[in-house]
J.: 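Quick one: structure below, then a few questions.
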Amino acid sequence: GDIFGSADSQNILALCYLAEGAILEGEAILEQTALNLQGNELHPVYIRNRVNIVQAYIRQRQFDKCLEVVEDLQIPIEFCK
């Protein structure tokens with residue numbers, strides 16, 4: 001199957017969990033999806049995944065983790081210029 005289509009569906013599922021207040025479940029889905037996309041850090045689905053995980057961390061007030069994700073995204077985004 002299409003790894004990106006599947007990952008995008010997982011991202012959406014995780015957002016549903018986050019919206020319902022099941023933050024840890026949503027976070028777990030997002031982290032597993034990111035692992036599945038390893039090596040594709042420039043793909044929009046991966047970047048969307050990381051933006052979603054930042055939302056999960058913000059809701060948990062884990063701002064240090066948010067900063068780590070943003071710093072990790074800076075490198076692949078520099079290649080998009």
J.: Does any part of the side chain of L35, heavy atoms only, come nearer than 4.5 Å to the side chain of Q32, both counted from C-beta?
T.: yes
J.: If we ignore hydrogens and angles and just use 3.5 Å, is the side chain of S6 paired with the main-chain N or O of D2 as donor and acceptor?
T.: no
J.: Could you report the tightest heavy-atom contact between L73 and Y46, atom names first, then the distance?
T.: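 It is CD2-CE2, 4.3 Å.
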J.: Thinking salt bridges, do E27 and R59 make one under a 4.0 Å N-O criterion?
T.: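 The answer is no: the pair does not qualify as a salt bridge.
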J.: Does a salt bridge link D8 with R48, judged by any charged N lying under 4.0 Å from a carboxylate O?
T.: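 A salt bridge links D8 with R48.
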J.: I'd like to know if the side chain of E71 and the backbone of V69 have a donor-acceptor N/O pair within less than 3.5 Å.
T.: no
J.: Do Q60 and L24 have side-chain heavy atoms sitting under 4.5 Å apart?
T.: yes
J.: Kindly compute the distance separating CD (Q10) from CD1 (I3), expressed to the nearest 0.5 Å.
T.: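 Those atoms lie 11.5 Å apart.
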J.: Determine, using the 4.5 Å side-chain heavy-atom cutoff (strictly less than), whether I58 and I23 are members of one ILVMFWY cluster.
T.: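 Yes, same cluster.
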J.: Atom CG in N11, atom CG in N49: separation rounded to 0.5 Å?
T.: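 One finds 4.5 Å between CG of N11 and CG of N49.
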J.: Quick one: pull up CG in N52 and CG in L15 and give me the separation to the nearest 0.5 Å.
T.: 4.0 Å
J.: Please say yes or no: joined through hydrophobic side-chain contacts below 4.5 Å, possibly via intermediate residues, are V45 and L30 part of one cluster?
T.: yes
J.: Quick one, E31 with R50, criterion salt bridge (Lys or Arg N to Asp or Glu O under 4.0 Å). Give me CA distance, side-chain angles, the key distance, then yes/no.
T.: CA-CA 9 Å; E31 291 296 0; R50 299 290 78 197; 3.4 Å; yes
J.: Enter the distance from T33:OG1 to L13:CG here, rounded to the nearest 0.5 Å.
T.: 8.5 Å
J.: For Y17, I'd like to know if atom OH has over 12 heavy atoms of other residues, nucleotides or ligands within 6.0 Å.
T.: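 Not more than 12 within 6.0 Å, no.
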J.: To the nearest 0.5 Å, how far apart are CD in E68 and CG in D72?
T.: 7.0 Å
J.: Nearest 0.5 Å, what's the CD-OH distance between Q62 and Y57?
T.: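 These two atoms lie 7.0 Å from each other.
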J.: Please report the shortest heavy-atom distance between G26 and L18, naming the atom on each side.
T.: CA-CD2, 4.2 Å
